Amino acid sequence: MITNDSSFQVSTDQSRLDIPMIYRFLSEQSTWAVGISRPIVERAIENSLCFGGYLDGRQIAFARVITDYATFANLVDVFVVPEYRGNGYGKQLIGVVLRHPSLQKLRRFILSTTDSHDLYARFGFTPPLHPETLMERYFPNIYLS
């Protein structure tokens, strides 16, 4: 368990994760995974380093890191449930993620965001230095078919 000095706590214990809540948020409220199936969410969680954010024992936030623990990490599926936004929990969650001992000294730590650039900039994330070197295969509506 990784804790903070407020009543907000962050844990990497996957057995504590509220999978139904995470699935509902991603499949119904996120801007990036609408329609995702529960089996895909469960498989993604099983194969990632996950961070649950808890207030009074109730999960209110989530972040997932896809990594090889040596050179690369991709921060994905970051959210705070709407009724708890604006209280700094997202900042606390990202801070804990970036301080995690297994995520230190990585050559590249990436993320993709449409609306939270200011949040991530506080933690040193910038636009790619050489965007011309990046390529992707992107299927934005894959979960809706």
Side-chain angles (χ1 to χ4, degrees), residues 1-131 134 136 138-144:
M1 162 111 47
I2 302 164
T3 61
N4 215 304
D5 40 345
S6 72
S7 59
F8 182 69
Q9 298 181 336
V10 178
S11 172
T12 56
D13 180 354
Q14 286 198 9
S15 69
R16 288 190 65 194
L17 293 173
D18 183 344
I19 304 295
M21 181 278 290
I22 296 166
Y23 163 67
R24 275 191 312 276
F25 182 88
L26 292 174
S27 68
E28 298 172 9
Q29 297 179 42
S30 74
T31 58
W32 62 91
V34 170
I36 193 169
S37 71
R38 182 159 171 165
I40 290 175
V41 170
E42 290 174 356
R43 188 170 59 199
I45 287 170
E46 288 169 11
N47 292 294
S48 302
L49 175 59
C50 298
F51 296 79
Y54 303 89
L55 192 61
D56 300 322
R58 177 178 177 231
Q59 186 173 353
I60 64 159
F62 180 72
R64 187 167 68 85
V65 178
I66 305 161
T67 183
D68 64 6
Y69 297 102
T71 64
F72 175 84
N74 185 9
L75 179 61
V76 297
D77 293 341
V78 179
F79 68 86
V80 175
V81 294
E83 58 266 32
Y84 292 96
R85 291 180 186 163
N87 295 299
Y89 301 130
K91 291 182 200 91
Q92 290 181 59
L93 177 64
I94 299 305
V96 170
V97 168
L98 295 177
R99 288 189 305 272
H100 191 280
S102 297
L103 301 176
Q104 302 309 301
K105 297 188 178 184
L106 301 175
R107 183 179 64 239
R108 180 168 283 157
F109 205 133
I110 66 168
L111 62 84
S112 178
T113 184
T114 57
D115 60 2
S116 297
H117 295 80
D118 290 342
L119 168 65
Y120 296 113
R122 295 176 188 196
F123 294 96
F125 286 92
T126 64
L129 185 59
H130 299 286
L134 302 175
E136 69 179 356
Y138 181 51
F139 307 97
N141 298 315
I142 196 165
Y143 305 125
L144 297 176

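Numbers here simply count residues along the sequence, with the first being 1. Just so it is clear, the structure is predicted and the values come from calculations on it, not from any experiment.
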Next on the checklist: Pair Arg122, Lys91 - check side chain to side chain contact (heavy atoms under 4.5 Å, CB included), show working.
Outcome noted: CA-CA 9 Å; Arg122 295 176 188 196; Lys91 291 182 200 91; 2.3 Å; yes
With [X] via side chain to side chain donor-acceptor pair (under 3.5 Å) - residues at least two apart:
X      : answer
Arg24  : none
Thr126 : none
Asp56  : none
Ser15  : Asp13

Kindly write out the residues that satisfy salt bridge (charged side-chain N to carboxylate O under 4.0 Å, His left out) with [X], not counting sequence neighbours, or none if the list is empty.
X     : answer
Glu28 : none
Arg85 : none
Glu83 : Arg58

Item to check | Pairs satisfying ring-ring contact (aromatic ring centres under 6.0 Å, His included), at least one member in residues 62-85, at least two apart | outcome: Phe25-Phe79, Phe62-Phe79
Checklist entry - How far apart are the C-alpha atoms of Arg108 and Thr71, what are their side-chain angles, what is the distance that settles it, and do they pass the side chain to side chain contact (heavy atoms under 4.5 Å, CB included) test? => result CA-CA 6 Å; Arg108 180 168 283 157; Thr71 64; over 6 Å; no
Do the side chains of [Y] and [X] get nearer than 4.5 Å, heavy atoms only?
X      : Y      : result
Pro140 : Ile142 : no
Ser7   : Leu55  : yes
Arg64  : Leu49  : no
Leu75  : Ile110 : no
Ile60  : Val81  : yes
Pro20  : Arg38  : yes
Ile45  : Ile19  : yes
Cys50  : Leu17  : yes

Using a 3.5 Å distance criterion without hydrogens, assess whether the side chain of [X] forms a donor-acceptor pair with backbone atoms of [Y].
X      : Y      : answer
Asn141 : Leu144 : no
Gln9   : Tyr54  : no
Arg99  : Gly95  : yes

Checklist entry - Minimum heavy-atom separation for Gln14 to Glu46, with atom names? => result OE1-CA, 4.0 Å
Checklist entry - What is the minimum heavy-atom distance between Pro82 and Gln29, and which atoms define it? => result CG-OE1, 3.5 Å
How would you list, by chain and number, every residue that makes a side chain to side chain contact (heavy atoms under 4.5 Å, CB included) with [X], sequence neighbours excluded?
X      : answer
Thr113 : Leu111, Asp115, Ser116, His117, Tyr120
Gln104 : none
Ala33  : Leu26, Ser30, Ile36, Tyr143
Ala61  : Phe8, Val80, Leu93

At what distance, to the nearest 0.5 angstrom, does [atom1] of [X] lie from [atom2] of [Y]?
X      : Y     : atom1 : atom2 : answer
Leu103 : Phe51 : CG    : CZ    : 5.5 Å
Ser37  : Arg43 : OG    : CZ    : 8.0 Å
Ser112 : Trp32 : OG    : CH2   : 10.5 Å
Asn74  : Ile66 : CG    : CD1   : 5.0 Å

Next on the checklist: Is it the case that atom CG in Asp68 sees more than 12 heavy atoms from other parts of the structure closer than 6.0 Å?
Outcome noted: yes
